[in-house]
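Every chain is numbered from 1, with letters handed out A, B, ... down the list of sequences. Just so it is clear, the structure is predicted and the values come from calculations on it, not from any experiment.
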Amino acid sequence: MNQRVTLSVCLFAVALLAWPVRAGQPTPQERGWTIAEEADRRGSGFGDSIANLQMILRNRQGQTSKRQLRIRTLEVGREATKSLCIFDTPRDVKGTILLTHTHNHEDDNQWLYLPALRRVRRIAARNKSGSFMGSEFAYEDIATQELEKHTYKYIRDEVIDSNDCYVVERYPVDKANSGYSRQVVWIDKTEYRTWKADYYDRKGALLKTLTFRGYRRYLERFWRPREMNMVNHQTGKSTQLVWSEYAFATGQNEQDFERHKLTIIR
Amino acid sequence: MRTRILIVLLIGVTVAAGAGAGEISGHVSVEGRLFFHDALHAGQDDQNGSIAAEPEYFHEWENGSSFTFIPFGRIDSADSERTHFDVRELNYLYRQDNWYFRVGVGQVFWGATEFVHLVDIINQTDFVEHIDGEEKLGQPMIQFSISPSWGNIDIFILPYFRDRTFPGEDGRLRTSQVVDIDDPVYESSSEENNVDLALRYSNTIGGADFGVYLFKGTNREPYLVPPSRINPADTDTTRLIPFYEQITQFGADVQYAVGNWLLKWEAYSRDGFLDPYFATVGGFEYTFYNIGGSNNDVGLLSEYSWNDREDGGLTIFQNDLFVGARWTPNDTAGTHVLAGFAQDLEQHENALSIEASRRFGEHWRLILDAWFFLNTESGGVLNDLRDDDFARLQLAYYF
C-alpha cells in the first residue's frame, strides 16, 4: 500500500515536473513536426492547379537535354492528391502520361499511359527511389509530399539567402523503399516556404541538394517557386525545373484523374 | 478496301483543313531488315528496306471536344503487301465530366500481359507491320463511355470489319502457302459489313485494375484454310483462305500491383464456329529498382498461356511458357531493352526476341530488334518460319 502511494506520488511529481518542461520546451521531434505541419497546412487548400514545367537535364560535361511537361494537380480532401504529368517533348514520348494517386497512409497508385500502344501500364507501388524520366529527381521527390510519409526533427535556426529559416530533418517512414536515410530542409519562418533540401543516401552520404528560387504568391495565399535546381554531388549531374503559367481553381474534378480517362487526355 | 481507305484519308484531310489551327506531330522512319538464312521460297529477298510515316493532326475546341486524324503509310522494297496505307485514327470526341462519346476510326487496347495479347479485340492486327502483332489497323466505331461512381461502362458499335494484313508472296515471315487476303470468307452473310458489338465494365480497386467484357461479332483472328475447304473444286494448294467466324466472347483482364510485383492475368471464353473453348494467360513482372545504388532497373517477367481448343495443337499459345527481362537504365536517352523467350511446352519449339531502343538528340530514336525461331523441326506453327530469323534496324524522326 505504502509503496503504491509512494509510487503514485512520485509519478505525479514526475508528471508535474515534466509538464511545464513539455509545454515550454517541446522536444526537437515535436518542433520538427509542428513546423512541417504548419508548412503543410499553408500549402493545402488550393483545390486544383495547372502548370507548365520545363526540365533541363545537365550531365557532368554540361550537355543539356530538355523535356516539356504539363502538370495538373487535384487535392482530394486533406488525405490525398491526384496528379497528371503530361509529356510534350521529347517528341518520341509526346502524349506519355504519368498518373499518380497519393495517399497519406497507403502506397501510392501510379499508372503510365503509352500513346503508341494506347496502353495503360501499372507502375509497381514500390518504385519510389527510381529516377523520374532520366532526371535527378526520384519519383518520391516528384510525388506530393504528404505529411505522414516522414518523421521530423528540428535542428537549428539558420539564415540562408537572407531568409531566416528553421532547419528540420525528416526521415522516411517507408525506410525499406526510400532512396534516402534522411533529408535536411530549410523552411523560412515567415511564410514556411522551403528554400533548400539536402538529401542523404542510404549510407548516410550527401547525395543531392535541391534549391528553390523565384517564389511568387498565388490566390493571395499559395507560394510557388519559379525554379528548382537539383544537383547530384555524387555524379555531377543536375536537373533544373522551370515552372510557368501556374493556374489555380481551374475547375478540374476527380473524373479528370481516373485511369480510364488516360486514353482521351491530351 | 484501298479506295475506302483513300476516301477516309480524303475526309480526314478535308476536316483537318476545315478545323483550322491544330497541333501537328508524328514520325517518319526508315527501316532495314536482314534475314540470316537463305529464303525458303522463290521470289523472297534476304533483306528489305522500307520507309514509313505516321503524322498526327489534333484539334481541341474550347468545350473539350476534339478531332484526331492519324494516317499511316509504308513503302516496302520487297513485299507489295507490306507497302500499305491505313487510317489509324480519324475521330471526333465529345466529352462531359463523367461520360464521353467518340465516333469515327479509333484505336482501343484491352489487356494486361506482355507477351500475348489475348483479350484485345476491338482493333484488327496489322500483322504485316511486325510479327509481334502490336501494330493495329484503325477500326470504325461509335463508342459511348460512362463513368458512374462504381466503375466505367464502355459500349462499342463496330459497323465495319477490317481484314488482317499478311505478308505477300514475296514477303518473309509468312506461312508456306500464301494467305490470299483478296479472297476472304466470312461466316456472316453481311460479310465485312456485319455490325459487331462490345460491352465492357472496368474499374480500379486499390492496387488492382480489372475489366470484363462481352463481344459479339466477327473474330479478328481468321482460320487459315486451304481453298478446297471452301470450294471443293478449288484444288490450289499454294494459298490459304482467311475464314472469319462469328463469335460470342466473354473476356477478363486484371493487373495488380503489390510491392515490387506486377501480377497480370487475361482470359476469355469463346463460342464460335468450333466447339466453345477457353483460353488464358497469366504471369508476373518483378522489378529490382536502383540496382547497386545506380539508376538501373531490371524487371523479370514470366507468363504462361494455355487454351483447350480442339485443334489447339496447331495454334500458338496453346501451352506455352514465356520468360523475359527488361532493362531500363533511366538515362536521358530513354534507353530500353527487352529480351523474351517463348517455349512451346507441347511442340518444343522456341522463339527468342531482343528489342533495344534509345533516343539520339531531341528528335531521333533508334530501334534494333532481332527474332530467332529455334527447334522448329517438330512441325509446329513456327516450322514455316524456320529460315526467317531476322534483325531489324529502324531509325525514326519524331516531330
Check whether the ring centres of [X] and [Y] lie less than 6.0 Å apart, and answer yes or no.
X: B:F101; Y: B:Y94; value: no
X: B:F67; Y: B:Y92; value: no
X: B:W110; Y: B:H117; value: no

Between [X] and [Y]: side-chain donor-acceptor atoms closer than 3.5 Å:
X: A:S178; Y: A:D174; answer: no
X: A:T100; Y: A:K82; answer: no
X: B:W364; Y: A:D92; answer: no
X: A:Q240; Y: A:E227; answer: yes
X: A:T211; Y: A:N229; answer: no
X: B:E355; Y: B:H336; answer: no
X: B:E89; Y: B:N91; answer: yes

Out of [options], which one racks up the most heavy-atom pairs below 4.5 Å with chain A?
options: B:T335, B:D154, B:V108; value: B:D154
options: B:S66, B:A333, B:G206, B:G151; value: B:G206
options: B:E60, B:E54, B:R95, B:R88; value: B:R95

Check your understanding: Do A:N109 and A:H103 have side chains that get closer than 4.5 Å, going by heavy atoms?
Key ->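 SC-SC contact between A:N109 and A:H103 confirmed.
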Let me know if [X] has heavy atoms under 4.5 Å from chain B in its side chain, its backbone, both or neither.
X: A:S65; result: both
X: A:R121; result: both
X: A:V93; result: side chain
X: A:L57; result: side chain

Review point. Roughly how far, to the nearest 0.5 Å, is the CE atom of B:M141 from the CD1 atom of B:I155?
Key: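 One gets 14.0 Å once the value is rounded to the nearest 0.5 Å.
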Practice item. Check whether more than 12 heavy atoms from other residues, nucleotides or ligands sit under 6.0 Å from atom NZ of A:K237, and answer yes or no. Key: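 12 or below, so no.
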Check your understanding: Should we count CZ of A:R213 as having more than 12 external heavy atoms under 6.0 Å?
Key ->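 No - once you tally the heavy atoms of other residues, nucleotides and ligands closer than 6.0 Å, there are 12 at most.
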Against chain A, label [X] side chain, backbone, both or neither, depending on which of its atoms sit under 4.5 Å from a heavy atom there.
X: B:N295; value: side chain
X: B:I291; value: neither
X: B:E56; value: side chain
X: B:A396; value: neither
X: B:T332; value: both
X: B:N296; value: neither
X: B:Y100; value: side chain
X: B:E135; value: neither
X: B:Y286; value: neither
X: B:H27; value: neither
X: B:S145; value: side chain
X: B:T328; value: neither

Exercise for review: Kindly say whether B:L118 contributes a backbone atom to a donor-acceptor pair with the side chain of B:E266 at under 3.5 angstrom?
Suggested key: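 Checked: pair present.
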Review point. Is there any residue in residues 250-266 of chain A with a non-hydrogen atom under 4.5 Å from a non-hydrogen atom of chain B, and which ones are they?
Key: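 Interface residues of residues 250-266 of chain A: A:N253, A:Q255, A:D256, A:R259, A:H260, A:K261, A:T263, A:I264, A:R266.
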